[in-house]
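The chains referred to below are lettered A, B, ... by the order of the sequence lines, with proteins before strands, and numbering in each begins at 1. Note: hydrogens, waters and symmetry copies are ignored here, and every other heavy atom, side chains too, is used. Note that the structure is a prediction, hence the values are computed from the model and not measured.
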There are 2 protein chains.
Amino acid sequence: MSVEFDCCSFFKAVADANRVKIMLLLARGEMSVSAICKHFKMKQPSISHHLGVLKSAKVVECRKEGKEVFYRLNQCCVSSRCSDFMQRFAEKTGKGAAGD
Amino acid sequence: MSVEFDCCSFFKAVADANRVKIMLLLARGEMSVSAICKHFKMKQPSISHHLGVLKSAKVVECRKEGKEVFYRLNQCCVSSRCSDFMQRFAEKTGKGAAGD
DNA sequence: ATAACATATAGACTAATGTCTATATTATAA
DNA sequence: TTATAATATAGACATTAGTCTATATGTTAT
């Protein structure tokens, strides 16, 4: 029933080119915020903002080590959300499923 | 190289609860605009706007019949975009892929 | 305790998005 | 041709989202 809203927080998170770029960086392994910053023209608070959006959507996770925070991709989240979504729109053979 | 931007137009399109609801309706088969409208509180121009966004992203297609326009889900688009995206973030075994 | 560094938060500003009303467009009917 | 119905477009308005500067928080070193 609230499936649409649930998937939307994920899709909103990945519907930004800069956030996708962050995700692509993290797909190779965890990185600290400052390391991520080096790949962008944006200022650090903007990066932190994007990381916050990704984290709220469970797309990334983080751990603290000393003064640094290392972010990593939650690959399971990405694939489960995508495959869930795909399935929801798979061709039905006759019987409907979702209600109004 | 422009993969992120490309996928973003799709994700932007599906990152809205009302548009996902439209997609769920269309997953059962094609519908005219006025038929879609009956499922929402929004006014018709808003529905047309959302249909336009979905159409630009290739998520839906339409055909005209008399004064009505029937929209249908482009199921292939949904699944190919989702699986492309998943794959892009699949665990790499060592070699990197996407460049900066 | 103080300084220096890494990150997060707050608040301002701008741009993009969603919704509305009004109207234009296109197709059929009278 | 005129009227009616279905859809799209234009423009106004409010809300949301992205980026910035300034600053707060937390951690390590001196």
Side-chain angles (χ1 to χ4, degrees), chain A residues 2 4-26 29-74, chain B residues 2 4-26 29-74:
Chain A
S2 64
E4 309 87 22
F5 299 89
D6 191 47
C7 76
C8 284
S9 79
F10 170 75
F11 287 131
K12 275 187 208 298
V14 302
D16 177 274
N18 284 321
R19 288 195 287 267
V20 172
K21 189 174 167 186
I22 291 175
M23 290 169 69
L24 287 167
L25 288 172
L26 298 182
E30 65 173 19
M31 286 178 83
S32 69
V33 177
S34 51
I36 295 170
C37 284
K38 288 182 185 126
H39 294 262
F40 291 88
K41 295 174 204 154
M42 270 185 301
K43 295 304 173 64
Q44 173 268 318
S46 300
I47 298 287
S48 280
H49 168 253
H50 288 305
L51 288 169
V53 172
L54 291 171
K55 196 178 168 197
S56 301
K58 306 275 171 60
V59 173
V60 301
E61 294 165 336
C62 64
R63 76 183 168 84
K64 199 162 185 182
E65 186 180 304
K67 0 180 194 186
E68 293 174 285
V69 178
F70 289 89
Y71 282 82
R72 64 180 173 280
L73 189 66
N74 183 356
Chain B
S2 62
E4 310 85 21
F5 299 90
D6 191 48
C7 75
C8 284
S9 77
F10 170 74
F11 287 131
K12 276 185 207 299
V14 301
D16 177 274
N18 284 321
R19 288 195 287 268
V20 171
K21 190 175 166 186
I22 291 174
M23 291 169 70
L24 286 168
L25 288 172
L26 298 181
E30 65 174 18
M31 285 177 86
S32 69
V33 177
S34 51
I36 296 169
C37 284
K38 289 183 185 123
H39 293 264
F40 291 88
K41 294 175 206 156
M42 269 185 300
K43 295 303 172 63
Q44 173 269 319
S46 301
I47 297 287
S48 280
H49 169 252
H50 287 306
L51 287 169
V53 172
L54 291 170
K55 197 179 167 195
S56 301
K58 307 274 171 60
V59 174
V60 302
E61 293 165 337
C62 64
R63 76 184 169 83
K64 200 164 185 180
E65 186 180 305
K67 358 180 193 185
E68 294 174 286
V69 178
F70 289 87
Y71 282 82
R72 64 179 172 282
L73 189 66
N74 183 354

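- D:dT16 atom P lies 13 Å from atom NE2 of A:His49, rounded to whole Å.
- When heavy atoms are screened at a 4.0 angstrom cut-off, A:Ser46 is found touching base atoms of the nucleic acid.
- Regarding contacts with the backbone of D:dG26, every side-chain N or O of A:Lys64 stays at 4.0 angstrom or more from both OP1 and OP2.
- Remark: B:Ser32 OG to B:Lys64 NZ distance equals 13.5 Å, nearest 0.5 Å.
- Atom CZ in B:Phe70 sits about 15 Å away from atom P in C:dA27, given to the nearest Å.
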Review point. Do A:Cys8 and B:Asp16 pass the side chain to side chain contact (heavy atoms under 4.5 Å, CB included) test, and can you show the C-alpha distance, the side-chain angles, and the key distance before you say yes or no?
Key: CA-CA 6 Å; A:Cys8 284; B:Asp16 177 274; 5.5 Å; no

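- Look at NZ on B:Lys38: it is 11 Å from C1' on D:dA6, rounded to the nearest Å.
- Neither OP1 nor OP2 of D:dA6 sits under 4.0 Å from any side-chain N or O of B:Ser32.
- Each of A:Ser34 and B:Arg19 has a nearest nucleotide on DNA chain C; the 5'-most of these lies closest to A:Ser34.
- When rounded to the nearest whole Å, the span between CD1 of B:Ile47 and C1' of D:dT7 equals 12 Å.
- Using cut-offs of 30° and 60° for the angle between ring planes, the B:Phe11 and A:Phe10 rings count as perpendicular.
- Taken from CD1 in B:Ile47 to CG in B:Asn18, the straight-line distance is 7.0 Å, to the nearest 0.5 Å.
- A:Phe40 carries A:Lys21 over the face of its six-membered ring, with the cationic atom under 6.0 Å from the centre and within 45° of the normal.
- Residue contacts for B:Tyr71: at a heavy-atom cut-off of 4.0 Å it reaches the sugar-phosphate backbone alone, with no base atom in range.
- Whole-Å rounding puts the A:Arg63 CZ to D:dG26 P distance at 20 Å.
- The base of D:dA8 lies close enough to the side chain of B:Gln44 for a donor and an acceptor atom to sit less than 3.5 Å apart.
- Distances were taken from every side-chain heavy atom of B:Lys67 (C-beta onward) to each of C:dA27, D:dA22, D:dA10; the shortest belongs to C:dA27.
- Regarding A:Glu65, its CD atom lies at a distance of 13 Å from the P atom of D:dT27, rounded to whole Å.
- With rounding to whole Å, B:Asn18 atom CG is found 9 Å from C:dG18 atom P.
- Among the nucleotides C:dA8, C:dT19, D:dA10, the one closest to the side chain of A:Ser48 is C:dA8.
- A salt bridge links B:Arg63 to B:Glu65: one of the charged nitrogens lies within less than 4.0 Å of a carboxylate oxygen.
- Nucleic acid contact for B:Phe40: none, since no nucleic acid atom lies under 4.0 Å from a heavy atom of the residue.
- Looking at B:Glu68, its side chain has no donor and acceptor atom pair within 3.5 Å of the base of D:dA5.
- Here the side chain of A:Asp16 is nearest to one of C:dT9, D:dG18, C:dT21, namely D:dG18.
- Considering only the side chain of A:Val69, C:dT7 comes nearest among D:dT21, C:dT7, D:dT28.
- In this structure, the nucleotide among D:dA5, D:dT9, D:dT19 sitting nearest to the side chain of A:Met42 is D:dT19.
- As rounded to whole Å, 17 Å separates atom C1' of C:dA10 from atom NZ of A:Lys43.
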